[in-house]
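What follows is a short report on a single structure.
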Amino acid sequence: MISEVREQANVFARIFKNRTLIADAAHEISKSNPRSHCAVGCGSSYYAAMIGAFYDEHLFSLDSRALPSSEFIWYPPASDSLILLALSRSGRTSETLEATRRAKKMKIPSVALTSDPSSPMGRECDYCLDIGIGEEKSVVMTKSFTASTLTSILLGFELSKLQSAGRSELDAELAKLPNDADGVIRGVENQARAVAETMRRLNRFIYLGSGASYGACLEGALKLRETSYTTCEVYHIPEFRHGPFALLQTGVGVVAIAPDDKTLSQSEMLLREMASKGATVIPISNVPKITNAYKDSIRMPDDISPKFMPLLSVIAMQMVAYYYAVRGGLNPDLPRNLTKFVTTDFGQ
Ligand code: F1P
């Protein structure tokens with residue numbers, strides 16, 4: 001797991017090298033003139049879909065949403081001009097495969113984002129994008145998560161470029177991502193190890209984030225559950241005030257992604273209140289006044305893209321989950337009860 005976590009900057013660089021394939025796919029997809037996108041997946045792949053859909057909507061002005069694959073099967077969106085983006089490392093997860101088959105019946109064009117283009121999903125979808133990770137040995141998804149998220153972000157960006165011009169500043173920010181990921185991998189590992197050490201003295205965990213950071217927190221919390229069998233709740237930052245506040249006491253650890261954006265002052269206020277109720281607050285931020293205010297924190301490099309900090313924060317949370325498991329005497333490479341993908345009979 002940890003070597004694949006450390007590989008992510010190289011994976012990002014590889015995705016950028018093959019960027020023309022993503023642009024070509026966008027060109028092909030746009031021929032069907034889709035008005036909206038629905039991204040589906042299960043587990044980590046669903047969270048990747050959520051982050052991709054967030055950027056589509058809020059950075060690229062595309063009408064986009066994410067659904068767990070099963071929800072797409074049971075409650076497909078009503079839109080008459082949809083494309084389906086199906087995210088799956090394996091290309092074999094039952095619900096995601098079935099979602100693409102339903103899409104075909106509904107004459108909705110589908111795009112597979114997978115590490116295995118020869119999988120049933122890769123073969124059956126109208127288009128297929130290889131997320132470029134090669135093989136991922138770990139059962140727990142790490143590089144495949146960030147790779148499918150980045151591929152879906154770039155696909156959204158290319159689609160938006162076909163609809164409107166003048167996005168060069170975003171282009172430059174995206175192109176910096178392999179470098180940014182490298183800075184995060186080098187800069188945060190020791191801090192993540194120290195945070196994991198502190199977390200071992202706590203007994204309950206809450207992850208908080210807004211916007212793309214909410215999807216990132218869902219993934220960070222899933223890593224903790226998968227590798228350490230620990231329960232961990234996830235909330236949109238201000239939502240925490242509306243009931244969950246009752247959970248706060250000594251022994252509760254709060255990991256919060258706090259980027260330097262419009263959410264910052266609310267996050268700062270809430271974290272202060274949480275600490276005053278006895279919680280151990282652990283911010284992940286590139287804002288010194290936030291990280292300096294707490295004994296345990298993860299200071300993200302100063303020069304990373306603020307817009308894409310949520311995606312880069314996942315790397316820090318993967319490291320926290322890894323060291324938390326190791327520190328507890330667990331082997332994150334052999335998580336109990338988990339397989340690389342789940343097949344159930346979802347075809348009926
Ligand atoms: C998705 C997934 C993983 C999860 C577990 C089972 O697989 O739900 O996110 O960690 O190992 O499979 P895939 O559809 O991306 O192959």
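Starting from 1, each residue takes its place in the sequence as its number. In each ligand, atom 1 is the first atom listed, and ligand 1 is the first ligand listed.
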Residue-ligand contact Thr114/ligand 1, heavy atom below 4.0 Å: no
Nearest neighbour in protein (non-hydrogen) for atom 14 (O) of ligand 1: Thr93 OG1, 2.5 Å
Location of contacts on Thr96 toward ligand 1, heavy atoms closer than 4.0 Å: neither
Interfacing atoms of ligand 1 (cut-off 4.0 Å, heavy-atom, Gly43): 8 (O), 9 (O)
Atom 3 (C) of ligand 1 [closest protein heavy-atom partner, distance rounded to 0.1 Å]: Met141 SD, 3.6 Å
Lys/Arg cation over aromatic Tyr229: Arg336, 6.0 Å, 45° cone: yes
Any side-chain donor near an acceptor of the partner, Thr291 and Ser297, under 3.5 Å: no
Residue that, paired with Phe308, satisfies ring-ring contact (aromatic ring centres under 6.0 Å, His included) out of Tyr55, Phe12, Phe157: Tyr55
Arg19 and Asp171: CA distance, side-chain angles, deciding distance, salt bridge (charged side-chain N to carboxylate O under 4.0 Å, His left out) verdict: CA-CA 12 Å; Arg19 207 170 154 181; Asp171 216 343; 3.2 Å; yes
Protein contact of atom 1 (C) of ligand 1 - nearest heavy atom, named by residue and atom, plus distance: Cys42 O, 3.4 Å
Which residue and heavy atom of the protein sit nearest atom 15 (O) of ligand 1, plus the separation: Ser45 OG, 2.6 Å
Atom 10 (O) of ligand 1: nearest protein contact (heavy atom, Å): Glu226 OE2, 2.6 Å
Over all atoms of both residues, closest heavy-atom pair of Val281 and Leu271: CG2-O, 3.6 Å
Candidates Pro283, Pro306, Ser313 - the one meeting side-chain contact (heavy atoms from CB on, under 4.5 Å) with Met300: Ser313
Where ligand 1 meets Lys340 - atom numbers and elements under 4.0 angstrom, heavy-atom basis: 6 (C), 7 (O), 11 (O), 12 (O)
Validation row, ring centre Tyr235 to ring centre Tyr214 under 6.0 Å: no
Pair Tyr324 + Phe205: ring centers closer than 6.0 Å: yes
Numbered atoms and elements of ligand 1 in range of Thr339, under 4.0 angstrom, heavy atoms: 5 (C), 6 (C), 11 (O)
Closest protein heavy atom (residue, atom, distance) for atom 16 (O) of ligand 1: Ser90 OG, 2.6 Å
Residue and atom name of the nearest protein heavy atom (relative to atom 9 (O) of ligand 1), distance in Å to one decimal: Ser44 N, 2.9 Å
Test item: Cys128 and Val111 side chains (from C-beta on) under 4.5 Å apart, heavy atoms: no
Enumerated ligand 1 atoms positioned under 4.0 Å from heavy atoms of Arg89: 13 (P), 15 (O), 16 (O)
